[in-house]
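One structure below.
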Amino acid sequence: MISISRRYPWTLWPDSICPSFLEDPILKKVQGDQYWKIEIDFEYTKDNFSTMKDVFCIVPKYTGLSIYEKRIFVGVGYNDKDDWIASESFLEPETRYVIEYEHFPNDKLIIKIDGKEEFSYKLDTRPLAIVDNPIIFLGINKHITKEETEVPDIKVYNFKIFDNNGLKCHHDFKEIIHDKAIDKTGNLNFLYQIG
């Protein structure tokens, strides 16, 4: 488990630190034309309750999950623009949840909370974007600034990414070397703290 603040978020951007080591980096698969699933096991704190709690996002075309005053907000990154959608689902602070984002290319994006489907977005006429050099952030929705708070907003227990062949990236933050969380799958998809 790791506590994450907006001032010191974590990022999955292995191309920035070890591009020559990776034969099949997971970020090349987290695209609008491929199947993928992100699973995050987390809780958010009561601190800074009146500000947005950004759990994770994929950029530059924003696809992600945030919480504001208990309500889940979902980002869906299309080629033309990003949509920001307020759901009718609410999560309590200091409570552990497992959220799954499952993407079926040119079909739908399904979001489950603790194994129960909560909502779905049709993508048959507007698919998710395909981008060069995508980045995943945990704990913030953009690059950081010095003005962000150092007080932890979220606690992440597990972060996983699956493709058609199964689990390809898994971080439980139990093994950190040189400020990088080791990918338990052995696929070298390092998560590291920035800031």
Side-chain angles (χ1 to χ4, degrees), residues 2 4-40 42 52 54-66 73-85 99-109 111 121 123 126-146 148 153-154 156 158-171 173 176-195:
I2 192 99
I4 302 176
S5 72
R6 293 182 70 80
R7 177 68 184 91
Y8 299 106
W10 285 69
T11 187
L12 179 66
W13 190 18
D15 279 355
S16 69
I17 56 173
C18 59
S20 62
F21 295 161
L22 296 170
E23 291 181 19
D24 196 18
I26 193 61
L27 287 180
K28 291 195 187 294
K29 300 196 176 174
V30 182
Q31 296 279 3
D33 62 345
Q34 298 189 46
Y35 169 84
W36 51 264
K37 179 172 73 171
I38 291 176
E39 180 182 297
I40 186 162
F42 79 103
M52 189 74 73
D54 295 304
V55 180
F56 83 90
C57 69
I58 306 165
V59 294
K61 294 293 187 177
Y62 184 88
T63 298
L65 172 80
S66 298
F73 286 80
V74 176
V76 183
Y78 303 106
N79 281 314
D80 55 349
K81 65 174 189 167
D82 307 337
D83 277 349
W84 188 242
I85 304 152
I99 294 190
E100 298 173 39
Y101 259 56
E102 190 167 16
H103 175 255
F104 298 88
N106 300 309
D107 184 14
K108 61 189 170 186
L109 177 66
I111 299 170
Y121 299 96
L123 302 173
R126 256 178 109 199
L128 290 186
I130 301 168
V131 299
D132 292 328
N133 203 13
I135 305 167
I136 293 178
F137 288 116
L138 301 180
I140 201 161
N141 64 357
K142 60 187 181 320
H143 288 286
I144 61 167
T145 65
K146 301 271 187 220
E148 300 291 354
D153 275 340
I154 63 170
V156 179
N158 285 283
F159 179 78
K160 300 177 182 177
I161 304 176
F162 302 79
D163 70 6
N164 279 323
N165 297 312
L167 182 64
K168 294 296 179 182
C169 176
H170 179 195
H171 295 277
F173 302 95
I176 297 176
I177 298 173
H178 301 297
D179 300 320
K180 295 169 190 68
I182 303 303
D183 181 353
K184 293 176 62 99
T185 67
N187 290 328
L188 301 179
N189 290 296
F190 293 110
L191 261 170
Y192 61 95
Q193 188 178 52
I194 55 176

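If you're wondering where the values come from, they're calculated on a predicted model, not measured in any experiment.
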Rounded to the nearest 0.5 Å, what's the gap from [atom1] on [X] to [atom2] on [Y]? Could you check?
X      : Y      : atom1 : atom2 : answer
Asn158 : Ile2   : CG    : CD1   : 12.5 Å
Phe173 : Ile4   : CZ    : CD1   : 5.0 Å
Leu128 : Ile58  : CG    : CD1   : 8.0 Å
Asn189 : His170 : CG    : NE2   : 12.5 Å
Phe162 : Lys168 : CZ    : NZ    : 11.5 Å
His103 : Leu109 : NE2   : CG    : 6.5 Å

Any salt bridge between [X] and [Y], counting N to O under 4.0 Å?
X     : Y      : value
Glu39 : Lys160 : yes
Asp82 : Lys61  : no
Lys37 : Glu102 : no

Subject >> Pairing residues for Tyr35 by the ring-ring contact (aromatic ring centres under 6.0 Å, His included) criterion, not counting sequence neighbours >> reply: Phe104
**OP:** Report the relative orientation of the aromatic rings in Trp84 and Tyr62; use parallel for angles under 30°, tilted for 30 to 60°, perpendicular for over 60°.
**Re:** perpendicular
**OP:** Could you point out which residue of Ile154, Asp54, Ile194 forms a side-chain contact (heavy atoms from CB on, under 4.5 Å) with Pro9?
**Re:** Ile194
Subject >> Flag if over 12 foreign heavy atoms under 6.0 Å of CG, Asp179 >> reply: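 Incorrect, the count does not exceed 12.
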Check whether any side-chain heavy atom of [X] sits under 4.5 Å from a side-chain heavy atom of [Y], and report yes or no.
X      : Y      : answer
Tyr121 : Ile111 : yes
Asp107 : Leu123 : no
Phe159 : Trp10  : no

Subject >> Listed partners of Asp83 passing salt bridge (Lys or Arg N to Asp or Glu O under 4.0 Å), at least two apart >> reply: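 Here the qualifying residues are Arg126.
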Original post:
Checking Lys29 side chain against Leu27 main chain: does a donor-acceptor pair fall under 3.5 Å?
Top reply: no
Original post:
Quick one: does Thr11's side chain have a donor or acceptor within less than 3.5 Å of a partner on Ile136's backbone?
Top reply: yes
**OP:** Check the pair Val55, Ser66 against side chain to side chain contact (heavy atoms under 4.5 Å, CB included), reporting the backbone distance first and the verdict last.
**Re:** CA-CA 5 Å; Val55 180; Ser66 298; over 6 Å; no
Subject >> Criterion side chain to side chain donor-acceptor pair (under 3.5 Å) on Asn133 and Trp13, from CA distance to verdict >> reply: CA-CA 8 Å; Asn133 203 13; Trp13 190 18; 2.9 Å; yes
